[in-house]
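Counting starts at 1 for both ligands and their atoms, in listed order. Sequential numbering from 1 along the given sequence is applied to the chain's residues.
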Amino acid sequence: MRKILPIFSRKLSHVCNLKPYKETKWLMPIGNPTGLYVYNCVAEQKVPVILNDPHIATWYSCGPTVYDSAHLGHASCYVKLDIVQRILKTFLNIKLVTAMGVTDIDDKIIRKGLNTNTDYRTVAKQYEHEFWLDMAKLNVEKPMIITRVSDHISSIESFVKTLLDNQQAYATNDGTVYFDTSKFPYYGKLQKMQDSSEPISKHKRNNMDFALWKGHKPDEPYWTTSWGKGRPGWHIECSAMVSKVFGSQIDFHAGGIDLLFPHHENEEAQSCAYHNKRQWANYWIHVGHLHVKGDVKMSKSLKNTVSIPTLLETYSADTFRMACLMSNYRYPMEFTDEVMKTAEEVLNKFKFFLKDAYVYVNNNATQSADYADTMLDILWREEEANLEALKADFDTATCINSLLFLISSTHKIIKADTAEFYPVPIVLIADYITNFLTKLGLKLQDTSEQSISNSLIDTLVEFRHSVRTNALGKKDKELLSACDVVRDKMKSLKVQINDSNKTASWVFTK
Ligand SMILES: [Zn+2]
């Protein structure tokens, strides 16, 4: 079992602005500091990430309720969580054990089954299958462990039974079991404002009490327990499944910001009560909402959703991921054509740079090379600064900005019409950028079925470049305008050509 100490019980002279312990309900774990700081809603500030084992961390994400197709709100949440997980694994060398809960028993799934005359299990299976396909298209890594409510009924039942036996919960006449929030003194630690979104019921002892188990209603699936027939409530499932997989403590617990209250508050309360602890999840990771124009949240209830296949008809998964990287995980993200076009342009700048760097180091081999220590110094500083930014609550937006600055200054050297030749630093910079972006889950490379068309486009672009260079030399306006027509036609086919005196490069814009 892991020990935890109140914050400030150890010396942390390098940590600024931490509130004194009495003002926060967060307890700092004892163990090995990772150098990483994350925002924690219990502490209401960034706190140091300390792990029991310096190289192992457990992670649970609340997954989808599988009653309908996923939309871009889900996509941004899971892509951003995927980015955070990749940072932990690849930049901080933490072996992350990931689990995700899938809610496959729920009011909405049962209702959909009844409305469509389909077994609720079939409804859940169909949408769960679709969810994983969508995630794969977005290059979101599948969790190592998938827990489904339907597979964990007995763990959930015994969790509820323990809380009943310990008198931290009570059963009512209709078979519903409520958690008694008055028995957990830290209820409300995740969110100060306790605005009850729980249904009012005459059976409840306190307003904030929430259902652990729902009493049986006609036409609904049920399981028989010692306190009556019924089915699990929503909040209890994650606590029971996490405890089954990870035991009495978890390092990271993640989900969309809308889950903070009441879902995560209730998970924390019932898990602390069950495990007799003051803190169950050490680090809460909450992803900001996806907004459409006008600061409106994208959600099923507002009927303003865009499906993942619809997104991918217009923009690539890489472009969507770049938009996520540029907005940082914790902040709301706006989904507009403008935002997506900017993300696409940024992505293309990187792709152009990588192609130009490749052409540069391979085309100038006859000139004498220089090692250029200054350029290498800039690269080392960049690497260090980016790692620090990632350690400061996964600040990917700062990293992207700083990489853009790096490629723009390097591009000037590549495009300069001088005899100086710096293949070593240029190769190292290109390699660093490729590694950095692919570690964050961008693919950058073209898919295999595109390889033939890529060769054809290469040939056409090279040919056009020779023609254009000749035409420029001879000031042949007719030929130049023919070259422009080719460039525009290619653009309409989603191939963008970038001309320069030395070379021409191209990228797919989708
Ligand atoms: Zn959950």
Practice problem: Could you confirm whether C238 has any N/O/S atom lying under 2.8 Å from the Zn ion (ligand 1)? | Solution: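 Here the distance criterion (N, O or S atom, under 2.8 Å) is met by C238, so yes.
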Quiz item: With a cut-off of 2.8 Å, does H264 place any N/O/S atom under that distance from the Zn ion (ligand 1)?
Solution: no
Practice problem: Assign the ring pair F210 / F179 to parallel, tilted or perpendicular, where the plane angle (0 to 90°) is split at 30° and 60°. | Solution: parallel
Exercise. On the 0 to 90° scale, with breaks at 30° and 60°, tag the W284-H286 ring pair as parallel, tilted or perpendicular.
Key: parallel
Exercise. Start with the C-alpha gap between Y60 and I145, add the side-chain angles, then the distance that decides, and say whether side-chain contact (heavy atoms from CB on, under 4.5 Å) holds.
Key: CA-CA 9 Å; Y60 177 83; I145 302 167; over 6 Å; no
Quiz item: At the Zn ion (ligand 1), what is the angle formed between atom SG of C62 and atom OE2 of E267, rounded to the nearest 10°?
Solution: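 Result: 100°, to 10°.
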Quiz item: Does the ring centre of Y78 sit less than 6.0 Å away from the ring centre of F131?
Solution: yes
